[in-house]
Amino acid sequence: MTTQQIYKLAVSLGMRADLRGPAEVKKYLERVKNKYEKLDAAARAEFDADKLFNPYSDTRVLNDESKKQIKKIVAGIDIGGAELLVADKIGGVDLVISHHPDGPALADLAGVMDLQSQVLAMYGVPINIAESVIKPRISEVSRSTSPANHNRTTDIAKILKMDYMCTHTVADNLGARFLFDLFERKEKELEYVEDILALLKSIPEYQEGARRKAGPVLFSGSPENHCGKIVVTEFTGGTSGSKEIYEKMSHYGIGTVIGMHMGEEHRKEAEKYHINVVVAGHMASDSLGMNLFLDELEKEGIEVVPLSGLIRVKRFKK
Ligand SMILES: [Fe+2]
């Protein structure tokens, strides 16, 4: 496979796993295309053409040296100059894949956050409410990522002539879909919040996360609380949403939120509105999604060297 083929595979896997469903994602892409066709020449020249087939602004190829065949990759949760130098030192590495976005994919992280309002709508929060709550937060994230030195690591990849890409929301979608399907299958067995914690701890990434003192924990509520309606709303869609959403969630019948991580202000709001919050653990959750993607590459005969917090678990047999 080439880097471009790996990128296209990542996008298609992310779209297939997307909690909104393939039809909604297709509609989203058609809307982008229609808008693009109405642009004038100057606006078209500035347009990021990847948006026509890739609905995830935080997933991009950041450096491509046009290598014929990718045989060995290094994959990590965060890639910086140190990880690129390690990849270079290992030898024979053709491509480095970061989970967290970098370069233009970091600058445009807020571009995937729309997904959150549609996922909330799927769980019963009216779309108009979900959208108006999330919109100010999207602007906030867009402003907060704007001053970063986005291309710092990408520049090192270019000097080292190392292919480099990031797969953020596509991997988070795979992790979210994995948990969504699991919670659906086990719905009848999940009565109390402690049942959710036990179920998460049956997953190898979370077992290892727990050994590293960063496994699933309860941020709000009690293990003896009834779960109520369980939602996987804080697992994909760029970054944390709006803290105003917990009031709406409690109003529209949501009982327990499963998330990767949660800040203190959000936690306080969730507690105030009686929402149980199970934080599954950031690195373990990011690893789950990346693993589901990396398995597909290993199936193609590509060797994967994990680093930077990635808890590598394989779910296929050769
Ligand atoms: Fe993450």
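As the structure lists them, so they are numbered: ligands from 1, and atoms in each ligand from 1. For this chain, numbers begin at 1 and follow the sequence in order.
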Decide, counting backbone as well as side-chain atoms, whether H282 has an N, O or S atom less than 2.8 Å from the Fe ion (ligand 1). yes
Look at the N, O or S atoms of D286, main chain and side chain alike, and state whether any lies under 2.8 Å from the Fe ion (ligand 1). yes
Can you tell me how far apart CD (E296) and CD1 (I6) are? Round to the nearest 0.5 Å. 12.0 Å
D163 side chain vs E65 backbone, donor-acceptor pair below 3.5 Å: yes
Check whether any N, O or S atom of H100, backbone or side chain, sits closer than 2.8 Å to the Fe ion (ligand 1). yes
Which heavy-atom pair separates G175 from F235 by the least distance, and what is that distance? C-CE2, 3.8 Å
Taking the six-membered ring where the residue is Trp, are the ring centres of H282 and H100 under 6.0 Å apart? yes
